[in-house]
2 protein chains.
Amino acid sequence: MTETENLESRYLKSGLKMTGQRRTIIKILDEASDHPSVETVYARARQIDPSISLATVYRTLSLLEEMDLIIKRDFNDSYARYDTNIDHHHHLIDMESGAVIEFKNEELEALKLKIARDLGYDLLDHRLELYGRKKSSSS
Amino acid sequence: MTETENLESRYLKSGLKMTGQRRTIIKILDEASDHPSVETVYARARQIDPSISLATVYRTLSLLEEMDLIIKRDFNDSYARYDTNIDHHHHLIDMESGAVIEFKNEELEALKLKIARDLGYDLLDHRLELYGRKKSSSS
DNA sequence: GTAGCTGCAAACTCTTTGCAACTCT
DNA sequence: AGAGTTGCAAAGAGTTTGCAGCTAC
């Protein structure tokens, strides 16, 4: 969960232009601990810069995704959501609150490599999502 | 991969009306070994019944999904794809050919339960997708 | 006979794009 | 100055829906 560098400095290294709009969006992503949708990023961006357009949010998020600075996800929603954390991890989605919890598991990493190997494949990427309900020890 | 009953007989048990269009779509799904998209089902359906409409395909697939006879999936495509196999399994997506390979793994089932439990959750559903490239022993 | 299904076309949601104006470097 | 970025509005893809006619039961 602790990243060496924030998104802004990683972006700056690319040499691409830094505009007011991009700075706004990158700041929002840097501060986001959730996995915001385009609309959410847009809403937050408007609080900082009311004149920003949705098209710019779409374009900037696509750009950052192509640069592998963020990752596009779909948690069975009808819209895309973005993940700022590029470290490899998985998600547990709380089906009651919609909260997304990140986790890592070494055993799983080993197992999935083994499964792919057994099927005759080199693993390039993968995803695991768990959908659950919070255990209540009382009720 | 072997199902006790086919989709058609499971559908008939529901008591819902069986129309020509539904029979066509259900037959296509019963015979599909891939994970067809709405457009694919539509294209195949037209070969049997050229007058069938896309809206009916959408409606029928939604209906079958609500009845838990098929499962809607999204393999990072921009459109929905359907899975006829309701047995619990996972997918390995061949990133070169786009082929989708189904697999099961008991070790994985146990592990994912453990992960959810450790996070304080009861597991309701989950999905694992592996994205890989076929190993070539020669090249 | 009638509840429910169908085809058609229009509408809707999410995302992308053409273009003229603007802004970082 | 100039390449790249922006806002706007229009267009695009995928999906849903209202409605009048039709069909399985």
Would you call Glu39(A) and Tyr79(A) a side-chain contact if the rule is heavy atoms closer than 4.5 Å?
no
Ile25(B) has an atom CD1; how far is it from atom P of dT6(C), in whole Å?
7 Å
Can you classify the ring geometry of His126(B) versus His90(B) as parallel (below 30°), tilted (30 to 60°) or perpendicular (above 60°)?
tilted
Side chain of Ser9(A), backbone of Asn6(A): donor and acceptor closer than 3.5 Å?
yes
If we ignore hydrogens and angles and just use 3.5 Å, is the side chain of Thr56(A) paired with the main-chain N or O of Ile52(A) as donor and acceptor?
no
Tell me the interatomic distance from Asp74(A), atom CG, to dC14(C), atom P, rounded to whole angstroms.
14 Å
If the cut-off is 4.0 Å, is Gln21(A) near the phosphate of dC24(C), judged by side-chain N/O to OP1 or OP2?
no
Side chains of His89(B) and Asn105(B): donor-acceptor distance under 3.5 Å anywhere?
no
Considering only heavy atoms, which members of residues 32-53 of chain B lie under 4.0 Å from some atom of DNA chain C?
Ser51(B), Ile52(B), Ser53(B)
Contact nearer the 5' end of DNA chain C, comparing Thr60(B) with Ser62(A)
Thr60(B)
Could you check whether any side-chain N or O of Asp125(A) sits under 3.5 Å from a backbone N or O of Tyr131(B), counting only pairs where one atom can act as donor and the other as acceptor?
no
Just to confirm, is there a sub-4.0 Å distance from OP1 or OP2 of dG7(C) to any side-chain nitrogen or oxygen of Thr56(B)?
yes
Give a yes-or-no answer on whether the side chains of Tyr42(B) and Arg46(B) include a donor-acceptor pair shorter than 3.5 Å.
yes
To the nearest angstrom, the CG-P distance between Leu16(B) and dC5(C) comes to 6 Å
Spacing between Met18(B) atom CE and dG4(C) atom C1', to the nearest angstrom:
15 Å
Rounded to whole angstrom units, what separation is found between the NZ atom of Lys17(B) and the P atom of dT2(C)?
13 Å
Distance below 4.0 Å between Arg22(B) side-chain N/O and dT6(C) OP1 or OP2:
yes
Tyr58(B) near the nucleic acid: base, sugar-phosphate alone, or nothing, with a heavy-atom cut-off under 4.0 Å?
base
So, Tyr11(B) and Arg22(B): side-chain donor and acceptor under 3.5 Å apart, yes or no?
yes
Between dT17(C) atom P and Leu54(A) atom CG, what is the distance in whole Å?
14 Å
For His35(B) and Asn85(B), which I'm curious about, is there any donor-acceptor pair between the side chains at under 3.5 Å?
no
Span of DNA chain D in contact with chain B (heavy atoms, under 4.0 Å):
dG14(D) to dC25(D)
